[in-house]
Protein chains: 2
Amino acid sequence: MTEAPQAGGLSDRLVDGLLDLISEGALGPGDSLPTVRELAQRFSVTTPTIREALRRLQTTDAVRMRHGSGIYVGEGIHRKLMPNPNSTPLKDEHIIQLVEARLTIEPGIAALAAANRTVDDLERLARAVDTAKRAADDNRPKLNFHRELAAASGNQVLFEVVDSLLAARSREQRALRAQIENHTRDYDQHVAIFLAVEAGDAEQARLLTEQHLRDLRTTITTNLGGHE
Amino acid sequence: MTEAPQAGGLSDRLVDGLLDLISEGALGPGDSLPTVRELAQRFSVTTPTIREALRRLQTTDAVRMRHGSGIYVGEGIHRKLMPNPNSTPLKDEHIIQLVEARLTIEPGIAALAAANRTVDDLERLARAVDTAKRAADDNRPKLNFHRELAAASGNQVLFEVVDSLLAARSREQRALRAQIENHTRDYDQHVAIFLAVEAGDAEQARLLTEQHLRDLRTTITTNLGGHE
DNA sequence: TGGCGAAAATTGACTAAATCACTTGCTCAA
DNA sequence: TTGAGCAAGTGATTTAGTCAATTTTCGCCA
């Protein structure tokens, strides 16, 4: 019956209206939107009101508001899955659940990557393996091995899953992580996984990734359980 | 150079301040927050400004604003992963990627569920199996089998992964889904998976789930790929 | 006494009109 | 060519209200 054109509050409708504006304009990340004042006029509301809708879109990086410059479409506009941008500090329990989730998910992704990787993927994977070694003096952006491995699977959704899991942790565990991780062992295992992916050996990539994450889980649980 | 006492914009600081308010007050979903005017006064800003921060928190269901009633903590406050709340319509390509992602992830979750399920999990799983049959006349909430299966794994992060994947699709694919899915086959396969989980047979649960999702993928790709 | 219903208080939603702060691009001189 | 500085454009925030939905209060009536 009622097709519910009035979904709810004005703010909800403005969010939809802004998303429509982006869709209908075929706008992508980096493209600019009208000014706040123009948007307010176009939707027949005042600036504080359109601003609330823009803040909601900013939360998921659907838009970016740059002071003095303008409003732009962000990378989040195409995203399907994401880490909670309003996250509360993680408890130890969740850190363990995070690594166990990766242990469940990533071996299958490694197998997919071995089957689907392109030469471009291999190049980025190789750079990711090295990134850990060269530390900070590099001018090129730091690449995370597990993130690039997921990208090599060719499935954007799986990439977003892994990216979200990694982001959820790195939000605050950076200090601890640097201490408890075994960088030498990680490097060797990353190299082994890379070689399996390069060779297109899906089963080997799966097994090596599983063992790699099993070791990581052991390291984390022992360093976390004895402490607090 | 970079003295960085100011984390960023005022709105960012207000979001953090509100999250701190929730954390320090040990508030959980359902608990109420001060009124907009009180919050504005407490943070020494005006109402439109605190309102923008509240809208950002509302985006992830960290808070809920109920007109005339008040502001309350929402379920999203504990969430680590979520579907994009400002999503753009999915393309066919992404729908296929979604089911392939599930095919990669869910068999392992089924195995975990077989190992970790409690009697309470089994009861909810059984209800989820039936839900599809009884359609809408039920007063009890509809339970999704795959969501409950993920819950039975005992890992909250894995549950959120599956929940996000399911939510991303169901946002708009409901009409299509009803047409292309084979409900009878799904029911039979759900029953088989349930029995394996109940028996604690992890490998059987993994294999059955893999086959179930393989069938689902075939159904979707054939009904979708007519143009490609 | 019990509860029903209207009025009042509370609270979020939104408007309106400014002012402040940051960016960008332009001009012009060194 | 370079750099400083000005000026216009744009987002950020304030101030001071009005409107609308909910909740509570309390008197009236059965």
Side-chain angles (χ1 to χ4, degrees), chain A residues 2 4-18 21-22 25 27 29-74 76-77 86, chain B residues 1-18 21-22 25 27 29-74 76-77 86:
Chain A
T2 55
Q6 296 291 75
L10 176 52
S11 182
D12 291 328
R13 271 173 286 148
L14 289 176
V15 167
D16 288 344
L18 288 168
L21 201 64
I22 294 172
L27 302 182
D31 293 337
S32 70
L33 271 65
T35 69
V36 172
R37 291 166 178 85
E38 275 182 68
L39 288 172
Q41 209 165 20
R42 184 174 314 201
F43 289 103
S44 303
V45 297
T46 54
T47 40
T49 306
I50 195 72
R51 207 148 224 302
E52 290 182 18
L54 286 169
R55 287 296 191 196
R56 288 171 61 166
L57 294 173
Q58 184 197 26
T59 305
T60 63
D61 197 30
V63 307
R64 291 176 185 174
M65 305 162 77
R66 294 192 352 215
H67 192 168
S69 174
I71 305 171
Y72 305 85
V73 177
I77 191 67
N86 299 135
Chain B
M1 312 248 194
T2 64
E3 36 254 281
Q6 296 289 74
L10 175 53
S11 182
D12 292 328
R13 271 175 286 147
L14 289 176
V15 167
D16 289 344
L18 287 167
L21 200 65
I22 294 173
L27 302 182
D31 293 338
S32 70
L33 272 65
T35 70
V36 173
R37 292 168 178 84
E38 276 181 68
L39 289 172
Q41 208 164 22
R42 184 173 316 198
F43 290 103
S44 303
V45 296
T46 54
T47 34
T49 305
I50 195 72
R51 201 149 234 298
E52 290 182 18
L54 286 169
R55 287 296 190 197
R56 289 170 61 167
L57 293 173
Q58 184 195 28
T59 306
T60 63
D61 196 30
V63 307
R64 291 176 185 175
M65 305 161 78
R66 290 185 5 208
H67 192 168
S69 175
I71 305 172
Y72 305 86
V73 177
I77 191 67
N86 298 135

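Throughout, protein chains are lettered first and strands after them, A, B, ... in sequence-line order, and every chain is numbered starting at 1.
Heavy-atom distances to DNA chain C give each of A:Gly68 and B:Leu33 a nearest nucleotide, and the one nearer the 5′ end belongs to B:Leu33.
Between B:Val63 and B:Leu54, the closest heavy-atom pair is CG2-O, 3.8 Å. A:Ile71 approaches A:Pro34 most closely through the heavy-atom pair CD1-O, 3.8 Å. Shown here for A:Phe43 and A:Ile50, the closest heavy-atom pair between the two residues is CD1-CD1, 3.8 Å. When all heavy atoms of B:Asn86 and A:Arg56 are compared, the pair lying nearest together is OD1-O, 3.0 Å. Heavy-atom minimum distance, B:Arg64 versus B:Asp61: NE-OD1, 2.8 Å.
The separation between A:Arg13 atom CZ and C:dA13 atom P is 13 Å, rounded to whole Å. Rounding to whole angstrom units, NE2 of residue A:His67 and C1' of D:dA12 are separated by 5 Å. Atom CD1 of A:Ile71 and atom P of C:dT23 are 15 Å apart (whole Å). Taking atom CG on A:Leu39 and atom P on D:dT10, their separation rounds to 11 Å, with Å as the unit. Rounded to whole Å, the distance from OH on B:Tyr72 to P on D:dT22 is 11 Å. One can place CZ of B:Arg66 at 21 Å from P of D:dA20, the figure rounded to the nearest angstrom. The distance between atom CG of B:Asp12 and atom P of D:dA12, rounded to the nearest whole Å, is 10 Å. With rounding to whole Å, B:Met65 atom CE is found 20 Å from C:dT10 atom P.
Among the protein residues, B:Thr46 comes within range of the nucleic acid bases, having at least one heavy atom under 4.0 Å from a base atom. Residue contacts for B:Arg55: at a heavy-atom cut-off of 4.0 Å it reaches the sugar-phosphate backbone alone, with no base atom in range.
In this structure, of D:dG11, C:dT15, C:dG12, it is C:dT15 that holds the atom nearest to the side chain of A:Val45. Minimum atom distance to the side chain of A:Ser69 is reached by C:dT24, of the listed D:dT13, C:dC14, C:dT24. Distances from the side chain of B:Thr49 to the nucleotides D:dG11, D:dT13, C:dC14 place D:dT13 closest.
Checked by distance alone, A:Arg37 brings a side-chain donor or acceptor within 3.5 Å of a matching partner on the base of D:dG11.
A sub-4.0 Å separation between OP1 or OP2 of C:dT15 and a side-chain N or O of B:Arg51 is absent.
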